[in-house]
Amino acid sequence: MTINPDHVDGIDKGKIMLYALSTCIHCKQTRNLLDELHVAYDYLYVDKLNKEDMNSVLMDIEKFNPRGSFPTLVINNSKVIVGSRLDEIKEALG
Amino acid sequence: MISTVVSPEKVERRLKILDSEAKQSGYFLNPDMDFTRGLVEGLILNAERYGYESCPCRLSFGEKEKDLDIICPCDYRDDDLSEYGACFCGLYLSESLINKNSPAPVVPERRPSLHDRNLQPVNATIPGQLPYPVFRCKVCGYLCARTSPPEKCPICKADKDRFEIFI
Ligand code: SF4
């Protein structure tokens, strides 16, 4: 995949990937929490991609979250948290 | 050019219209104004980039026919209001949730996946068998075919419990 997510520096808690939309308030809440926790993470605003990349990223997301909804947070390619379930995220990364 | 920030005046103007439309038809915007403004800003940005106000919390492909179900208010709002007391984004809340002073809950996505949306057959109606039940407002006679009656009658604002199954 040639699509490069944006990276935020912080404490290493494993590979954290956030699939988000730039207009989505729940995605924003999730990013705010990750920032507050000072963890290192990658994020991708899928709505900003061109259609081809959008389709391929959506296929990646659907492997973790079949509905393809946002935000989808993937921790270490295994744990998946769908929606701004802030307590769950805190627990997983705390 | 798509603006990345929407002016507060523009947000306020759109918010006012949405609020009065909601009230007129028996719906309620989320009283958490910062949250609601954030969503209205998303609606405005989507209108600018796609030409229609698609849901700020869902991925749009910029093709109106494929996004019809997620143009705000989306096809899923009322079912989510009935089941969770909030639409997927949390722009609309049920009156009971507002009275309880509860924040918008996390609502799971009801919209089918892209794959399932592409599979969806055109509804063929078998005579005598309806794809949806029809509900009737006992106050004003308003009829609607959907999975459950609306929170409030859009015509006379009667509450949900004034509806009966008609067909
Ligand atoms: S989930 Fe809420 S804000 Fe999003 S399109 Fe539906 S009604 Fe509008």
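Chain identifiers are assigned alphabetically (A, B, ...) following the order of the sequence lines, protein sequences preceding nucleic acid strands; residue numbering begins at 1 within each chain. Everything numeric here is computed off the predicted structure, so don't read it as measured data. Any value given below was found using the heavy atoms of this structure, including those in side chains, with hydrogens, waters and symmetry copies removed.
The hydrophobic clustering, which links ILVMFWY residues whose side-chain heavy atoms are closer than 4.5 Å, places B/Phe28 and B/Leu15 apart. Tracing side-chain contacts under 4.5 Å through hydrophobic residues (I, L, V, M, F, W, Y), one never reaches B/Tyr92 starting from B/Leu97; they form parts of separate clusters. Follow the hydrophobic side-chain contacts under 4.5 Å out from B/Phe35 and you reach B/Tyr27 in the same cluster. Under a hydrophobic-cluster definition in which Ile, Leu, Val, Met, Phe, Trp and Tyr are linked whenever side-chain heavy atoms come within less than 4.5 Å, directly or via other members, B/Leu93 and B/Tyr84 are assigned to different clusters. By the criterion of side-chain heavy atoms lying less than 4.5 angstrom apart, applied directly or through intervening Ile, Leu, Val, Met, Phe, Trp or Tyr residues, B/Ile71 is not grouped with B/Leu91; the two fall into different hydrophobic clusters.
Nearest heavy-atom pair across B/Phe88 and A/Phe70 is CZ-O, 4.0 Å. Across A/Arg67 and B/Arg110, no two heavy atoms sit closer than the pair NH1-O, 2.9 Å.
Annotation: side chain of A/Tyr19 is not in contact with side chain of B/Leu59 (no heavy-atom distance under 4.5 Å). Using a 4.5 Å cut-off on side-chain heavy atoms (C-beta onward), A/Asp47 and B/Tyr50 make contact. Looking at A/Thr23 and B/Arg49, their side chains come closer than 4.5 Å, going by heavy atoms from C-beta outward.
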Show me the donor-acceptor pairs within less than 3.5 Å that the side chains of residues 79-92 of chain A make with the rest of the protein, sequence neighbours left out.
from, atom 1, to, atom 2, distance (Å)
A/Ser84, OG, A/His26, ND1, 3.4
A/Ser84, OG, A/Gln29, OE1, 3.4
A/Arg85, NE, A/Val82, O, 3.0

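Your options are A/Cys27, A/Ser69, A/Cys24, A/Pro71, and the one with the most heavy-atom pairs under 4.5 Å with chain B is A/Cys24. Most heavy-atom pairs under 4.5 Å with chain A, from the set B/Ser60, B/Gly38, B/Cys89: that is B/Cys89.
In this structure, A/Met59 places its CE atom where only 12 or fewer heavy-atom neighbours from other residues, nucleotides or ligands lie under 6.0 Å away. Counting heavy-atom neighbours within 6.0 Å of A/Arg31 CZ, excluding the residue itself, gives a total above 12. Counting non-hydrogen atoms of other residues, nucleotides and ligands closer than 6.0 Å to CD of B/Glu164 gives a total above 12. Summarising the local packing, NZ of B/Lys160 is surrounded by more than 12 heavy atoms from other residues, nucleotides or ligands at distances under 6.0 Å.
Heavy atoms of A/Ile25 lying under 4.5 Å from chain B belong to its backbone as well as its side chain.
If you take CG on A/Leu21 and SG on B/Cys55, they are separated by 9.0 Å, rounding to the nearest 0.5 Å.
Interface with chain A: from residues 102-109 of chain B, residues B/Val106, B/Glu109 qualify, criterion being any non-hydrogen pair under 4.5 Å.
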- Query: Step by step, would you call B/Glu63 with A/Lys51 a side-chain contact (heavy atoms from CB on, under 4.5 Å)?
  - Reply: CA-CA 11 Å; B/Glu63 294 166 56; A/Lys51 266 194 200 163; 3.3 Å; yes
